[in-house]
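Note sheet for the following structure.
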Amino acid sequence: MPATIPILTPKEAPTWCPGCGDYTILGALKSALVELGLEQNEVLICSGIGCGSKTPHFVNTYGFEGLHGRSLPVATGAKLSNNKLTVIAIAGDGDTYGIGGNHFMHTMRRNLDITMIVQNNAIYGLTKGQTSPTSRKGFVSNSTPFGVLEEPVNPITWAIAAGATYVARGFAVDMNHLKELIVEGVRHKGFSLIDVLQPCTTYNKINTAEWYKQRVYKLDQNHNPADKFAAIARGEEWGDRIPIGIFYKENKPTYEDGLPQLATPLVKQDITNVNIEPLLNKYA
Ligand SMILES: Cc1ncc(C[n+]2csc(CCOP(=O)(O)OP(=O)(O)O)c2C)c(N)n1
Ligand code: SF4
């Protein structure tokens, strides 16, 4: 059966600001799902809270808009309940690298077969422009009128060090390239991070689409994604030149591979004759 995922659902359409990178990320995600030939009921998209975290409303698959920073705990629960499901988490940089940083780190360490797309606009968009963990040092915002004092996190080197087995960076203006990164990330068996450089036209007047266009370049065949140290070196690059593409890729058993009881997904297991009465009585 061909995939029948429409580009825009008739029920809900986004109301992001004009020029917001969330539109192209949504387009890339939908195109990737079509290219992967997945049926709507084979995919779950979960998010946190933020402008970009509205995404599950605009794709005709299963969706769950959760709590701020909690896209990955939901994704983990869903994946373990039905390990045949394609599970995609999508959320902002504040959501994923800030409040959700702990979940991010430990989900990568477990190498669950989940794809995480981060709408990285280096700002808190929904709450009106406070700094996020990826805001650059010195960045002036509503929450830092004298400029950010801390160094930003580096999602690429963080992910490689923490155990992610597919680590990529896309650019929200290059939708086709981003679509390819998402397709590869979903096909990859293990935890995939796709960090997406995304303009926030309303609150980030520094890292604009133009600013990125002058700097981004694509990793080519001279970069070997199997070479962890080369991947880290490329991941450190930021400034006049910013690489996009696949930094790192490794084949390794997933968390689910260590659970033989998932040979039949939990949701498919017959529990009609299971008596939980004794267990309930134990705690009565
Ligand atoms: C536990 C909790 N803390 C804080 C908030 C307030 N809050 C909602 S969205 C958000 C930040 C959004 O920024 P980001 O995750 O980068 O996404 P964007 O809006 O930029 O897409 C914050 C702090 C919340 N909803 N819940
Ligand atoms: S505030 Fe920024 S991130 Fe939010 S919709 Fe507007 S442009 Fe997009």
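For clarity, every value in this text was computed on a predicted model and none was experimentally measured. In this chain, residues are counted from 1 in sequence order.
- For residues 188-228, the set of pairs meeting the ring pair (Phe, Tyr, Trp, His ring centres under 6.0 Å) definition, not counting sequence neighbours, comprises Y166-H188, F171-Y212.
- The salt bridge (charged side-chain N to carboxylate O under 4.0 Å, His left out) analysis of residues 63-76, with sequence neighbours excluded, yields the pairs K54-E65.
- At a threshold of 4.5 Å between non-hydrogen side-chain atoms, the residues L72 and I114 count as touching.
- Scanning for ring-ring contact (aromatic ring centres under 6.0 Å, His included) contacts around Y248 gives an empty result, with sequence neighbours left out.
- Between I25 and the choices V196, V118, T55, N120, the side-chain contact (heavy atoms from CB on, under 4.5 Å) rule is met once, by V196.
- For the 3.5 Å distance criterion, the side chains of T165 and N111 qualify, holding a donor opposite an acceptor.
- For the ring-ring contact (aromatic ring centres under 6.0 Å, His included) test, no residue two or more places apart in sequence or in another chain qualifies with F139.
- Among residue pairs with one or both ends in residues 14-53, those qualifying as ring pair (Phe, Tyr, Trp, His ring centres under 6.0 Å) are W16-Y23, W16-F58; sequence neighbours excluded.
- One hydrophobic cluster, built from ILVMFWY side chains closer than 4.5 Å, cannot hold both V87 and I45; they sit in different ones.
- Salt bridge K213/E210: present, at least one basic N to carboxylate O contact under 4.0 Å.
- Every residue two or more places apart in sequence or in another chain was checked for a side-chain hydrogen bond (donor to acceptor under 3.5 Å, both in side chains) with N82, and none qualifies.
- Judged as a side-chain hydrogen bond (donor to acceptor under 3.5 Å, both in side chains), and not counting sequence neighbours, the contacts of D270 are T272.
- Every pair passing salt bridge (charged side-chain N to carboxylate O under 4.0 Å, His left out) that includes a residue from residues 103-118 is listed here, sequence neighbours excluded: K79-D113.
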Listed pairs under 3.5 Å, donor-acceptor, residues 277-284 side chains, sequence neighbours left out:
| unit_1 | atom_1 | unit_2 | atom_2 | d |
| --- | --- | --- | --- | --- |
| N281 | ND2 | E277 | O | 3.4 |

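- Looking at heavy atoms from C-beta onward, S192 lies out of side-chain contact with V186 at the 4.5 angstrom threshold.
- In this view, S132 and D93, T134 satisfy the side-chain hydrogen bond (donor to acceptor under 3.5 Å, both in side chains) rule, not counting sequence neighbours.
- N204 and N121 share no side-chain donor-acceptor pair at under 3.5 Å.
- Among residues at least two apart or in separate chains, salt bridge (charged side-chain N to carboxylate O under 4.0 Å, His left out) pairs with a member in residues 146-163 are K137-E151.
- For residues 66-121, every residue pair satisfying the ring pair (Phe, Tyr, Trp, His ring centres under 6.0 Å) rule, not counting sequence neighbours, is listed here: Y97-F104, Y97-W158, F104-W158.
- Between S53 and G92, the closest heavy-atom pair is OG-N, 4.3 Å.
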